[in-house]
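Here is the structure we will look at.
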Protein chains: 2
Amino acid sequence: MSNVKALPLLEPETPAPTPAPTSTPTSVAPCCPPLNERPLTADEAERTAAMFKALGDPVRLRLFSLVASHEGGEACVCDISDVGVSQPTVSHHLKKLREAGLLASERRGTWVYYRVEPSVVAAMGAMLGAAAPTGMPTGTG
Amino acid sequence: MSNVKALPLLEPETPAPTPAPTSTPTSVAPCCPPLNERPLTADEAERTAAMFKALGDPVRLRLFSLVASHEGGEACVCDISDVGVSQPTVSHHLKKLREAGLLASERRGTWVYYRVEPSVVAAMGAMLGAAAPTGMPTGTG
DNA sequence: CTTCTATGTTGACGAATGTCAAAGCAAGTG
DNA sequence: CACTTGCTTTGACATTCGTCAACATAGAAG
């Protein structure tokens, strides 16, 4: 597994891909608290922004969505050919997503498969989800 | 980027009275399905990526977190002065966050207050949360 | 080994971005 | 009105980013 230097955003304490759909107590060890808990420090912001930045490009977002929604939870690069950019550019963006920790790649024979890193994405969702409660404590409305 | 208007990410079905220099959508009507439901279209990706991109900068993320975590759910620009950049730059980033629909601003007398747009942030969290099935963040508080 | 297919990497280039200094608007005070 | 404070806009700059063409690498097949 050629693992590029993934961002140390959260600690990958779960090496297993956890294929069990059951409610596994996957310890989502996010680097940062919810965005509305306290102001992020400069370092926290630096690391977290790198993740959001990775999804801040339309092509990358399509690639990520393509992988995330693909059958089996993973997609081969060969499955990707309609995102509007050349193949080298696709590879470039996949690398970015990998470096951000959002995707993981694995070579199986001729093809390379990409799959989503659930914990990292969950951590991002947690930061956002808690930052937007359905009922804001706004007095005046 | 001359697109200086709130992104049509979610449909403002409730015509807010626009008390602020920016429109204020107030309803959770996400533009897009969870990222693992189906591949996003080019248009969906374009709109959604703009939001993630807004949080893809460390300074903006700190500003957002600062506003989101501030007492009362809103913060005056005067409360912000330790993010490491000059005041005009702060204003610039706040504008970006406003244009992305993540923040709303309102002038009250001398000061300008910024607050989080819960629906937009919730929409982002929903897209991510559902894309990471393994690992529910709601554990021990 | 040679050849073919599938991906990744390198180098280059235009466009977008983040930053600040300076000037400009808005609101309060005397 | 002049003066002060708070925030935004403008203009300029260096850096980063997204993109492609060309080349390089990894397996598979003969």
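Letters A, B, ... are given to chains in the order of the sequence lines, protein chains preceding strands, and every chain is numbered from 1.
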Distance in angstrom units between A/L61 CG and D/dG18 C1', rounded:
15 Å

Rounding to a whole Å, what distance do you find between A/K96:NZ and C/dT9:P?
13 Å

Using the closest heavy atom to pick a nucleotide of DNA chain D for each, name whichever of A/K53 or A/G109 lands nearer the 5' end.
A/K53

B/E99 CD to C/dT17 P, in whole Å, measures 10 Å

Just compare C/dT7, D/dC7, C/dA16 and give me whichever is closest to any side-chain atom of A/Q87.
C/dT7

Charged N to carboxylate O below 4.0 Å: is that the case for A/E117 and A/R98?
no

Applying a 4.0 Å non-hydrogen cut-off, can you work out what B/Y114 is touching in the nucleic acid: base, sugar-phosphate, or nothing?
sugar-phosphate

Of the candidates D/dC7, D/dG18, D/dA28, the side chain of A/H92 sits closest to D/dG18

Selected nucleotide, minimal atom distance to B/R107 side chain, candidates C/dA27, C/dG18, D/dT8:
C/dA27

Which of these nucleotides, D/dC7, D/dC20, C/dT19, is closest to any side-chain atom of B/V59?
C/dT19

Short side-chain N/O contact from B/T89 to OP1 or OP2 of C/dT19, under 4.0 Å
no

Picking from C/dT7, D/dT19, C/dA27, which would you name as closest to the side chain of A/C78?
C/dT7

Measure CG/A/L103 against P/C/dG8 and give the value in whole Å, please.
11 Å

Please check if B/V83 and B/V116 belong to a single hydrophobic cluster, counting links between Ile, Leu, Val, Met, Phe, Trp and Tyr side chain heavy atoms closer than 4.5 Å.
yes

Among D/dG18, C/dA16, C/dT19, the one nearest B/V85 by side-chain distance:
C/dT19

So that I can tick it off, tell me whether A/E106 and A/R115 are bridged by a salt bridge, with the cut-off set at under 4.0 angstrom between side-chain N and carboxylate O.
yes

At 4.0 Å (heavy atoms only), tell me whether A/S91 reaches a base, stays on the sugar-phosphate, or touches nothing.
base

Nucleotide nearest A/T110 (side chain, heavy atoms from C-beta), chosen from C/dA6, C/dT17, D/dT16:
C/dA6

Is A/E46 salt-bridged to A/K53, going by a charged N under 4.0 Å from an acidic O?
no

Here the pair of heavy atoms bringing B/A49 nearest to A/L61 is N-CD2, 3.5 Å

Please determine, for the side chain of A/H93, which listed nucleotide (D/dG18, C/dG8, C/dG18) has the closest atom?
D/dG18

Could you tell me how far apart A/W111 (CH2) and C/dA6 (P) are, to the nearest whole angstrom?
7 Å

What contact category does B/R60 fall into here, base, sugar-phosphate, or nothing, at under 4.0 angstrom with non-hydrogen atoms?
sugar-phosphate

From the candidates C/dT7, C/dT9, D/dC7, the one with an atom nearest any side-chain atom of A/K95 is C/dT9

Separation of atom CG in A/L63 from atom C1' in D/dG18, rounded to whole Å
13 Å

Atom-to-atom span, OH of A/Y113 to P of D/dG27 - whole angstrom:
14 Å

How close do B/G101 and B/V120 get, heavy atom to heavy atom, and via which atoms?
O-CG2, 3.2 Å

Select base, sugar-phosphate, or nothing to describe what B/V90 touches, counting heavy atoms under 4.0 Å on all strands.
nothing

Nearest-Å distance for atom pair CZ/P, residues A/R62 and D/dG18:
16 Å

Against the side chain of A/V77, the closest entry in D/dT9, C/dA6, C/dG8 is C/dG8

